[in-house]
Amino acid sequence: MLRPLPPLKHPGMTTTLRIASWNINSVRFRIDIVERFLRDHGPDILCLQETKVVDEQFPEGAFRQLGYNHIALNGQPMHHGVAIISKVPLHNRTAEDWQANGEARHVGVEVAGSFRLENVYVPAGGEAPDFTDGSKFRQKLDFVGRMTEWSRALNKPTILTGDFNIAPLETDVWSHKQLVNVVSHTAVEIEALDKLQATANWVDLARQFIPPEEPLFTWWSYRAQDWETSNRGRRLDHMWVTPDLLDKAVSHVVHKPVRNWGKPSDHIPIVTEFRL
DNA sequence: ATGGCTGGTAGAACCAGA
């Protein structure tokens with residue numbers, strides 16, 4: 001049972017809450033640009049993926065100095081790892097293992113009695129869309145399948161954000177034709193994501209604010225000589241909400257300039273503002 | 001059609017990313 005929590009707001013008052021998600025590709029290596037982002041944009045909550053650090057070595061001090069005193073971690077050595085960093089209290093931390101292999105790819109919390117916040121790092125899925133048992137692609141589909149079962153049982157207002165590693169719309173990739181058989185944009189992945197989305201009528205907030213006809217990316221490969229000119233991006237990072245939170249969302253921004261900061265991640269931060 | 005780059009950890013002719 002969830003224990004009762006102090007309300008975030010007084011009756012009749014609205015509270016603005018800005019929630020960010022960012023695949024940081026090593027929080028220790030990139031702590032300088034994380035701090036810069038928090039100073040420049042000051043979200044109330046930051047969800048990180050690919051922190052690449054065990055919990056004991058997570059750079060909590062850097063966040064506490066900036067007023068982020070509430071931290072929920074799920075890390076492991078070397079790879080993966082997720083974290084929720086917050087100015088407001090976090091409760092009832094959970095960590096699901098949707099790949100059933102012990103990898104640290106999810107952490108969830110309850111925020112001030114108002115809603116649950118679920119931060120996920122879906123597996124990339126390997127080089128090729130190969131269905132053989134134990135392939136990375138198979139594992140990715142299994143992961144989304146277990147998320148789907150989890151989603152069916154939800155009964156609270158929920159924000160689901162993170163690096164989904166799937167770009168569902170044709171305008172979510174630089175070339176639908178050229179990526180149709182590339183992992184992240186295959187029909188079978190999109191079908192699995194659609195199925196997950198249908199279980200709780202999840203709303204894809206980015207596409208509420210940026211029309212689906214408009215190309216929108218959150219990731220550009222390190223391998224391009226000039227990522228901005230070639231612009232071979234994909235929209236892999238998402239902010240979904242259950243329908244009860246849809247009319248609380250007032251903006252959604254994709255912070256593209258961050259891709260040009262020093263020692264950048266290949267993903268950029270996304271930020272949604274809520275009025276609760 | 002291919003390869004291009006990145007960080008962590010071990011000390012790799014690695015792994016994982018996507």
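Chain naming here is simple, since letters A, B, ... match the order of the sequence lines and numbering starts at 1 in each. Computation of the quantities below employed the complete heavy-atom set of this structure, encompassing side-chain atoms and omitting hydrogens, waters and symmetry-equivalent molecules. Remember, predicted model here, so these are calculated numbers, not experimental data.
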Minimum-distance pair of heavy atoms, taken over all atoms of A/R64 and A/N69: NH1-O, 2.8 Å

Mind checking the [atom1] distance from [N] to [M]? Whole angstroms is fine.
N: B/dA16; M: B/dA10; atom1: C1'; value: 15 Å
N: B/dG11; M: B/dG4; atom1: C1'; value: 26 Å
N: B/dA18; M: B/dA1; atom1: P; value: 24 Å
N: B/dT2; M: B/dG8; atom1: P; value: 31 Å

Any donor-acceptor N/O pair under 3.5 Å between B/dA18 base and A/R232 side chain: no

Mind checking [X] for me? I need base, sugar-phosphate or nothing, with any heavy atom below 4.0 Å counting as a touch.
X: A/H185; answer: nothing
X: A/F137; answer: nothing
X: A/K263; answer: nothing
X: A/E127; answer: base
X: A/N23; answer: sugar-phosphate
X: A/R235; answer: nothing

Ion pair A/E149/A/R146, N-O distance below 4.0 Å: no

Residues A/R207 and A/D172 bridged, charged N to O under 4.0 Å: yes

For [N] and [X] - does any side-chain N or O of the residue sit under 4.0 Å from the phosphate oxygens OP1/OP2?
X: A/N165; N: B/dA18; answer: yes
X: A/R234; N: B/dG17; answer: no
X: A/Y121; N: B/dA18; answer: yes
X: A/S221; N: B/dA18; answer: no

Can you measure [X] atom [atom1] to [N] atom [atom2] for me and round it to whole angstrom units?
X: A/K140; N: B/dG17; atom1: NZ; atom2: P; answer: 10 Å
X: A/I24; N: B/dT6; atom1: CD1; atom2: P; answer: 15 Å
X: A/D226; N: B/dG3; atom1: CG; atom2: P; answer: 22 Å
X: A/L236; N: B/dA16; atom1: CG; atom2: C1'; answer: 15 Å
X: A/E50; N: B/dC5; atom1: CD; atom2: P; answer: 19 Å
X: A/M78; N: B/dT9; atom1: CE; atom2: P; answer: 7 Å
X: A/F217; N: B/dA18; atom1: CZ; atom2: P; answer: 17 Å
X: A/L179; N: B/dA1; atom1: CG; atom2: P; answer: 14 Å

Which nucleotide, [options], lies nearest any side-chain atom of [X]?
X: A/Y222; options: B/dT9, B/dA18, B/dC5; answer: B/dC5
X: A/R28; options: B/dT9, B/dG7, B/dA18; answer: B/dT9
X: A/H267; options: B/dC15, B/dA18, B/dG17; answer: B/dA18
X: A/K52; options: B/dG17, B/dA18, B/dG7; answer: B/dG7

Test item: side-chain donor near acceptor, [X] and [Y], under 3.5 Å:
X: A/S151; Y: A/W202; value: yes
X: A/N25; Y: A/Y222; value: yes
X: A/T272; Y: A/H252; value: yes
X: A/S21; Y: A/Q49; value: yes

Identified pairing partner of B/dT6, criterion: Watson-Crick or G-U wobble below 3.5 Å: B/dA16

Along DNA chain B (nearest heavy atom to each residue), the more 5'-positioned of A/V53 and A/A224: A/A224

Upstream residue (5' side of DNA chain B) when A/V183 and A/F29 are each assigned their closest nucleotide: A/F29

